[in-house]
Amino acid sequence: MSTSPFRREDGVLLADGVPLPAIAERWGTPAYVYCGDAIAARYRAFDAAFAAHPHRICYAVKANSNLAVLALLARLGAGFDIVSGGELERVLRAGGDPAGVVFSGVGKSRAEIERALEVGIGCFNVESAAELERIEDAARAAGRPAPISVRVNPDVDAATHPYISTGLKENKFGVATDAALDLYRHAAASPVLRVEGIDCHIGSQLVRVEPFVDALARVLALVDRLAEEGIRLAHVDVGGGLGVRYQEEAPPAPDVYARALLEGLRGRSETLVLEPGRWLVAEAGALLTRVEYEKPHEGRRFLVVDAAMNDLLRPALYQAWHEIVPVTEHPERVAGVADVVGPVCESADVLGRDRALDARAGELLAILGAGAYGFGMASNYNSRCRPPEILVQGGEARLVRRRETLEDQLALESPDGA
Ligand code: LLP
């Protein structure tokens, strides 16, 4: 499954058969391009890997929340992992089933909880005693029971970038085992809370199965302890986190990941819930950009492109590596070494450092692996308009989000105050 849907024909890069120069011509650059068939294929492969056990895949909306991407996954039967009221409305607008939604996150507001209860989401993944109290209160006021799961912090080291590691006890996420027991006892006794499951999420971009297996074992030990007290759980949610190959990483294939988890669940009846984000969408997306200038400077060679850290934040924020390739190959050229930088006024606005690239001004580059945490983390920094999103499916490219305009940006402000 690690073959990119971006392939070359006669030296030109295609997105699921559609030439990227045609997309750039039609919608301009920078632009995000997603291969829908690749997302569907990955969803099916992930789903098939878990076929031997009752399971539910709740796609982590934050990875790529474009409505067309959500609609595509909803049609395939995906549930959704959300972390805000905004993500909930996106899922509903995309035709997702609220009953298949799990609601994660440490700071759910009263209004978000009320709306989630109103539409009947599948489960609240509770992160603290105070939050459980707020949910209970809202459920009582709404006159309908709230389905809950407690997010436990299994205290395992996910061995990933510290910004995206979440399962250590010093992180803000989840509750410790003893505290979780108390929350379950309280919930089980409440007439307006319905204990459904248990969950954890130990981090993102994990490239080994051991931390997942460790976390599952610790969570299951707690499930058994609860069962001794007569508190029975219907599902175990292991979160997301399966990594992809950006550069040299060798993450496990989904069937290896699935086998490891299912081994831990052998003989058990709890439904397994999974919240994959990155694995489903990262490789299916590219950020298409054009070289504005070639700039030799102090012994370095900069390619100044029209995409920047506001469009794709990962390199600046996590020193993340994304492969950058010319859209049209020029085998006759000898590639030098270049830094690919954007127009934003920050030294961190580097999309790729020391890359073997010999692109010229006016030419197109594709920044690969940009389908996850790309557009979703884009901002208007430097008053730049966020790029459009294009979804290619069945050999046809469709604009699924238009380019933002300055009017869009300015519409919310007033020089004099409202
Ligand atoms: N479930 C929960 C509760 C999460 O917090 C996350 C991601 C996921 C599922 C999905 O994880 P995935 O399968 O995508 O690894 N912006 C960072 C990643 C932050 C991930 C946050 N939580 C990046 O660009 O690498």
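Whatever order the structure lists them in is the order used to number ligands and atoms, beginning at 1.
Taking 4.0 Å as the cut-off between side-chain N and carboxylate O, D339 and R301 do not count as a salt-bridged pair. With salt bridges taken as basic N to acidic carboxylate O contacts below 4.0 Å, none links E127 and K108. The pair R42-D37 fails the salt-bridge criterion, with no side-chain N (NZ, NE, NH1 or NH2) lying under 4.0 Å from an Asp/Glu carboxylate O.
Considering only residues two or more places apart in sequence or on other chains, V18 meets the side chain to side chain contact (heavy atoms under 4.5 Å, CB included) condition with I23, V392, A397. Remark: Y381 pairs with E346 by the side chain to side chain donor-acceptor pair (under 3.5 Å) rule, at least two apart or across chains.
Ring-centre distance between Y246 and H322: below the 6.0 Å cut-off.
Contacts between R151 and ligand 1 below 4.0 angstrom, taking non-hydrogen atoms only, involve the side chain exclusively. At a heavy-atom distance under 4.0 Å, atoms from both the backbone and the side chain of R278 approach ligand 1. The proximity of E275 to ligand 1, defined as any non-hydrogen pair under 4.0 Å, involves the side chain as well as the backbone.
Using a non-hydrogen distance threshold of 4.0 Å, W279 does not register as a contact of ligand 1. Residue-ligand proximity: P276 is placed with a non-hydrogen atom under 4.0 Å from ligand 1.
Taking only nitrogen or oxygen atoms, main chain and side chain alike, G239 does not reach within less than 3.5 Å of ligand 1.
Atoms of ligand 1 lying under 4.0 Å from any heavy atom of A60, numbered from 1 in the order shown and given with element: 8 (C), 9 (C), 10 (C).
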